[in-house]
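These numbers come from a predicted model, not from an experiment. Protein chains get the first letters and strands the later ones, always in sequence-line order, with residue 1 at the start of each.
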Amino acid sequence: DQAVSDNELQEMSNQGSKYINKEIQNAVNGVKQIKNLIERTNEERKILLNNLEEAKKKKEDVLNETRDSEMKLKAFPGVCNETMMALWEECKPCLKQTCMKFYARVCRSGSGLVGRQLEEFLNQSSPFYFWINGDRIDSLLEDDRQQSHMLDVMQDRFSRASSIMDELFQDRFFTHEPQDSFRSFPFGLTPWRPHFLFPKSRFVR
Amino acid sequence: SLMPFSPYEPPSFQDMFQPFFDMIHQAQQAMDVHFHSPAFQHPQMDLIREGDDDRTVCREIRHNSTGCLRMKDQCEKCREILSVDCSASDPSQAQLRQELNDSLQLAELLTKRYNDLLHSYQRKMLNTSSLLEQLNEQFSWVSQLANLTQGEDQYYLRVTTVASHTSDSDAPSGVTEVVVKLFDSDPITVTVPVEVSRKNPKFMETVAEKALQEYRKKSRE
């Protein structure tokens, strides 16, 4: 062991405290860096939102074209009714059997209720619905509804968080630059004292 | 507001920092509630994930039996319905059906792309949520440091003992053990390789860095 004098200990303490002071300022800067990251992420989100708006417009235009074609097709007189109905009567039992096998094997719960529901569904459906891919159209419309709802919910929540963050980041803490020297006491009472916080000072009086 | 309520009293630590914590927590809650909301937990959300996923099909079947229609390709007579040609009396019907199928295919593609964009958007929000958590933690550390530096002591770090242990030629390098007190802590012991001389600025830099890490780790615990 080598002896260390009190003077040396004091000098080491002085140096160590300078480093700690620097690290305190780094910690403050760390908060600001995270703030910058949040703001950058928010900018990226806004760009993504613009992309979503454009994509939504395109999707809805095509969906409208699809529905338009569907309506026009439905308006045609049913020239194939007999052929389709005959095929449908043969299609239904196969479809029911295939579906129930799948359900029992994969989905498992509540097969009895599903079977009755399926019977009713098939009896009420028409082959024309198949022929125009009505199930795919309905699936798309449902997806569209879900997607709109999802975006609305995300937008609503994020805008609330965003307004809170805007207010937070406008605070002086995030806009004020810390001093650079040792003994600047970024938060301490002396010697640097933010005057607006300490009205006892002569400056404020 | 961080202004003191009374103009004649200095602000307390709580007055200064609590509003920040409150706002960060409010922002986190606004985001977290969103991700736990029914909109994200609703089973039908899975409808907009990859098409013929078994779970999606099961859900569709339970909901209104439409999931069964996905299996129409497995039945010959059902397939034949799709190929029925009704354009004998009116050729424009065939063209219209083709237009329908083309736009349907395009709509499905665009829906999938939109879905991908939505998931990217959701990921951005998750990133923000995670950053808010980091902000909370970092700010918590800053406020702790602020509280610790309120005192009059000019030394944040005090070195109490230094002991160098040199090694034998056959043993690994020795270390210098330094015991410090950081702010209000109990004594913290850190080691520095003996190759780094006490006179080297790197020595105290290493001591301070390790002591601060140890202090922060203990604070978290």
Side-chain angles (χ1 to χ4, degrees), chain A residues 1-2 4 9 12-13 15-17 19-20 23-24 27-28 30-31 34 37-38 41 45 48 52 55 58-59 62-63 65-66 69 72-73 76 79-80 83 87 90-91 94-95 98-99 103 106-107 117-118 121 127 130-131 135 140 143 146 153 157 160-161 164-165 168 187-188 197-199, chain B residues 7 10-11 23 26-27 30-31 34 39 47-48 54 58 61 65-66 68-69 71 74-75 77-78 80-81 84 86 89 93 96 99-100 103-104 106-107 110-111 114 117 120-121 124-125 127-128 131 134-135 138-139 141-142 145-146 149 155-159 162-164 204-205 207-208 212:
Chain A
D1 290 1
Q2 299 171 27
V4 180
L9 283 177
M12 289 166 86
S13 301
Q15 283 180 27
S17 295
Y19 180 84
I20 296 295
E23 282 307 302
I24 291 172
V28 172
V31 172
I34 296 172
L37 279 174
I38 289 175
T41 304
R45 181 194 63 85
L48 203 44
L52 274 163
K58 278 184 195 164
K59 178 184 64 145
V62 174
L63 268 174
E65 280 172 24
T66 307
S69 300
K72 285 177 184 170
L73 258 180
F76 272 89
V79 290
C80 297
T83 313
L87 286 169
E90 289 182 84
C91 161
C94 173
L95 194 56
T98 309
C99 190
Y103 193 86
V106 175
C107 315
Q117 185 179 273
L118 176 57
F121 171 74
F130 262 50
W131 189 69
D135 56 320
L140 278 175
D143 283 353
Q146 291 285 337
V153 170
R157 295 299 183 176
R160 288 190 214 182
I164 295 168
M165 286 187 280
L168 176 68
F187 307 106
L197 288 177
F198 299 98
Chain B
M23 288 176 85
Q26 278 168 31
M31 299 284 284
H34 154 64
L47 281 173
I48 62 174
D54 282 350
C58 292
I61 294 173
S65 302
T66 51
C68 289
L69 301 182
M71 292 160 220
Q74 297 178 43
C75 294
K77 295 299 173 187
C78 302
E80 282 183 30
I81 293 175
V84 166
C86 298
S89 60
Q93 193 192 59
L96 196 52
E99 281 172 13
L100 171 64
S103 65
L104 187 55
L106 182 57
L110 292 175
T111 297
Y114 191 83
L117 283 173
S120 297
Y121 193 79
K124 275 282 171 262
M125 295 188 68
N127 287 349
T128 303
L131 284 169
Q134 287 178 44
L135 182 70
Q138 185 71 9
F139 193 78
W141 175 230
V142 163
L145 289 170
T149 52
Y155 294 112
Y156 298 143
L157 181 148
R158 282 193 183 276
V159 179
V162 179
S164 291
M204 275 318 296
E205 198 178 295
V207 167
L212 198 60

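- Side-chain contact check for B:L106 versus A:E65: every heavy-atom pair is 4.5 Å or farther apart.
- Here the side chains of B:W141 and A:V31 are not in contact, with every heavy-atom distance at 4.5 Å or above.
- Remark: side-chain polar atoms of B:S103 are not paired, donor with acceptor, to backbone N or O of A:V62 under 3.5 angstrom.
- For a residue to count as touching a neighbouring chain, one of its non-hydrogen atoms must lie under 4.5 Å from one of that chain's; by this rule A:F130 touches chain B with backbone and side chain alike.
- Between A:T41 atom OG1 and B:L131 atom CG the span is 5.0 Å, to the nearest 0.5 Å.
- Interatomic distance, B:M204 CE to A:S17 OG, rounded to the nearest 0.5 Å: 7.5 Å.
- Here the closest heavy-atom approach between residue B:L145 and residue A:A27 is recorded as CD1-CB, 3.8 Å.
- For a residue to count as touching a neighbouring chain, one of its non-hydrogen atoms must lie under 4.5 Å from one of that chain's; by this rule A:L52 touches chain B with backbone and side chain alike.
- The shortest non-hydrogen separation linking A:A161 to B:A27 is CB-O, 3.8 Å.
- A donor-acceptor contact shorter than 3.5 Å links the side chain of A:Q117 to the backbone of B:I61.
- A pairwise comparison of heavy atoms in A:T66 and B:L104 identifies OG1-N, 3.8 Å as the closest pair.
- Here the side chains of B:T66 and A:D135 are not in contact, with every heavy-atom distance at 4.5 Å or above.
- Here B:A208 pairs with A:Y19, A:I20, B:L157 under the side chain to side chain contact (heavy atoms under 4.5 Å, CB included) rule; sequence neighbours left out.
- From A:K72, atom NZ reaches atom CD of B:E99 across 7.0 Å, with rounding to the nearest 0.5 Å.
- Two residues are said to be in side-chain contact when any heavy atoms from C-beta on lie closer than 4.5 Å; B:L69 and A:L95 meet this criterion.
- A pairwise comparison of heavy atoms in B:I81 and A:P127 identifies CG2-O, 3.8 Å as the closest pair.
- From B:L212, atom CG reaches atom CD1 of A:I24 across 8.0 Å, with rounding to the nearest 0.5 Å.
- Counting only heavy atoms from C-beta outward, the side chains of A:L48 and B:K124 approach each other to under 4.5 Å.
- Note: B:L135 CG to A:I38 CD1 = 5.0 Å, rounded to the nearest 0.5 Å.
- For a residue to count as touching a neighbouring chain, one of its non-hydrogen atoms must lie under 4.5 Å from one of that chain's; by this rule B:V207 does not touch chain A.
- Closest approach of B:A30 and A:R160 over heavy atoms only: CB-CB, 4.2 Å.
- Summarising the geometry, atom OG1 belonging to A:T98 is positioned 5.5 Å from atom CD belonging to B:Q74; distances are rounded to the nearest 0.5 Å.
- Residue A:I164 comes nearest to B:M23 through the heavy atom pair CG2-O, 3.2 Å, listed as atom of the first residue, atom of the second, then distance.
- In this structure, B:C78 and A:C91 have their SG atoms less than 2.5 Å from one another.
- Between the side chain of A:W131 and the backbone N or O of B:V84, at least one donor-acceptor pair lies under 3.5 Å.
- Checking side-chain atoms of A:Q15 against main-chain N and O of B:E205 turns up no donor-acceptor pair under 3.5 Å.
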